[in-house]
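In what follows, residues are counted from 1 in the order of the sequence shown. Computed over heavy atoms, backbone and side chain alike; hydrogens, waters and symmetry mates excluded.
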Amino acid sequence: MEVNTLYKDLMFSVLRLVTTRKDGDGNVGTCLIVDLEVVPGSLTPVLVTNRHVLEHAVEISIHLTASEGPRKVALGHTVQVRMELEGDRFFSTDDDVDIAIIPFGAVLREFEEQYPGYKPFWRSLPVSEFPSEEEYASLDALEDVFFLGFPDGRWDSVNQTPIIRRGAPPPQQRWTSTASRRS
């Protein structure tokens with residue numbers, strides 16, 4: 001598959017993240033590869049996910065798609081990278097913010113050790129692609145939405161890609177039950 005549009009780039013900047021806790025239980029979630037300017041003038045790719053997915057994890061597992069060149073992927077051909085987590089994660093200092101970050105370089109180093117000579121295909125999104133505060137403020141009550149991810153661990157298991165949907169969400173409504181009302 002030729003990766004030559006923003007939507008196709010998005011498919012390979014969103015990864016399926018499986019976590020394992022000490023008790024053997026875990027979570028499945030979505031993570032996004034984002035370029036952050038950690039050092040002025042230098043972009044660093046990081047994985048951004050939810051704090052509740054990563055908070056008590058001792059190990060993560062991520063699937064990366066095989067590369068067939070600079071802009072080509074081998075759909076359906078992925079390898080699973082497993083990595084023990086030590087200090088390789090960062091959480092918001094505000095406990096009410098459900099965001100966690102893992103440096104993607106640590107994942108790539110682990111990948112190279114586990115699969116020497118194998119080339120993964122991935123894309124990172126610059127922060128400039130995210131809506132500004134002004135753009136957020138201008139959103140209407142009903143907007144078209146684009147969803148890309150792994151809801152409840154679901155994914156396209158044939159192509160090994162995220163679930164992709166586009167449309168308008170239903171408007172928020174309040175429902176009143178009349179079952180308890182008796183005449």
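- For the residue pair Thr49 and Cys31, the shortest heavy atom distance occurs at CB-CB, 3.9 Å.
- Counting heavy atoms from C-beta outward, Leu85 and Leu54 have side chains that approach closer than 4.5 Å.
- The shortest heavy-atom contact between Leu148 and Leu10 is CD2-O, 3.2 Å.
- Within the 4.5 Å cutoff, the side chain of Phe147 has no heavy atoms near those of the Pro162 side chain.
- At a threshold of 4.5 Å between non-hydrogen side-chain atoms, the residues Arg71 and Asp9 count as touching.
- Hydrophobic clustering (side-chain heavy atoms under 4.5 Å, transitive across Ile, Leu, Val, Met, Phe, Trp, Tyr) keeps Val127 apart from Ile33.
- Ile163 CD1 to Trp155 CH2: the interatomic distance, rounded to the nearest 0.5 Å, is 10.0 Å.
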| said: Could you go through Val34 and Leu36, starting from their C-alpha distance and side-chain angles, then the distance that decides it, and tell me whether this counts as side-chain contact (heavy atoms from CB on, under 4.5 Å)? | reply: CA-CA 6 Å; Val34 176; Leu36 290 182; 4.2 Å; yes

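- For the atom pair Ile99 CD1 and His52 NE2, the distance stands at 10.5 Å (nearest 0.5 Å).
- Heavy-atom contacts from other residues, nucleotides or ligands closer than 6.0 Å to CD of Glu133 number 12 or fewer.
- Summarising the geometry of Pro120 relative to Phe111, their closest heavy-atom pair is CD-CE2, 3.3 Å, with the distance given to 0.1 Å.
- At least one donor-acceptor pair under 3.5 Å links the side chain of Ser138 to the backbone N or O of Glu135.
- Between atom CZ of residue Arg109 and atom CE of residue Met83 there is a gap of 8.0 Å, rounded to the nearest 0.5 Å.
- More than 12 heavy atoms of other residues, nucleotides or ligands shown are found within 6.0 angstrom of NE2 on His63.
- In this structure, the side chain of Arg123 does not engage the main chain of Leu6 through any donor-acceptor pair within 3.5 Å.
- When the side chains of ILVMFWY residues are joined at heavy-atom separations under 4.5 Å, either directly or via intervening members, Tyr7 and Val145 end up in two distinct hydrophobic clusters.
- A heavy-atom distance below 4.5 Å is not found between the side chains of Phe150 and Leu17.
- A 4.5 Å side-chain heavy-atom check between Val107 and Leu47 finds at least one atom pair inside the cut-off.
- Minimum interatomic distance between Glu68 and Val73 (heavy atoms only, all atoms of both residues): OE1-O, 3.4 Å.
- Considering every non-hydrogen atom in both Asp95 and Arg51, the closest pair reads OD1-NH2, 3.3 Å.
- Residues Leu32 and Phe130 come closest through the heavy atom pair CD2-CZ, 3.6 Å.
- Hydrophobic cluster membership differs between Leu108 and Val46, with clusters built from Ile, Leu, Val, Met, Phe, Trp and Tyr side chains linked at under 4.5 angstrom.
- Between the CD atom of Glu55 and the OG1 atom of Thr19 there is a distance of 11.0 Å, given to the nearest 0.5 Å.
- With Glu59 as the partner, the side-chain hydrogen bond (donor to acceptor under 3.5 Å, both in side chains) test is satisfied by one option alone out of Arg21, Arg82, Lys22: Arg82.
- The OG atom of Ser124 sits 14.0 Å away from the CZ atom of Phe12 when rounded to the nearest 0.5 Å.
- Note: Phe104 and Trp122 have perpendicular aromatic rings, judged against thresholds of 30 and 60 degrees for the angle between ring planes.
- The side chain to side chain contact (heavy atoms under 4.5 Å, CB included) with Ile62 is formed by just one residue from the set Thr78, Val18, Leu15, Ile102; it is Leu15.
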side-chain contact (heavy atoms from CB on, under 4.5 Å) between Ile164 and Met11, intermediate numbers included: CA-CA 8 Å; Ile164 303 169; Met11 286 177 61; 3.6 Å; yes

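- Counting heavy atoms from C-beta outward, Asp35 and Leu125 have side chains that stay 4.5 Å or more apart.
- Considering NZ of Lys72 and CZ of Phe121, their distance stands at 11.0 Å, rounded to 0.5 Å.
- Linking ILVMFWY side-chain heavy atoms closer than 4.5 Å, directly or via other members, places Phe146 and Val48 in a single hydrophobic cluster.
- Leu64 and Tyr115 fall within the same hydrophobic cluster, defined by Ile, Leu, Val, Met, Phe, Trp and Tyr side-chain heavy atoms under 4.5 Å apart, directly or through other members.
- Between the Asp156 side chain and the Thr161 main chain, no donor and acceptor come within less than 3.5 Å of each other.
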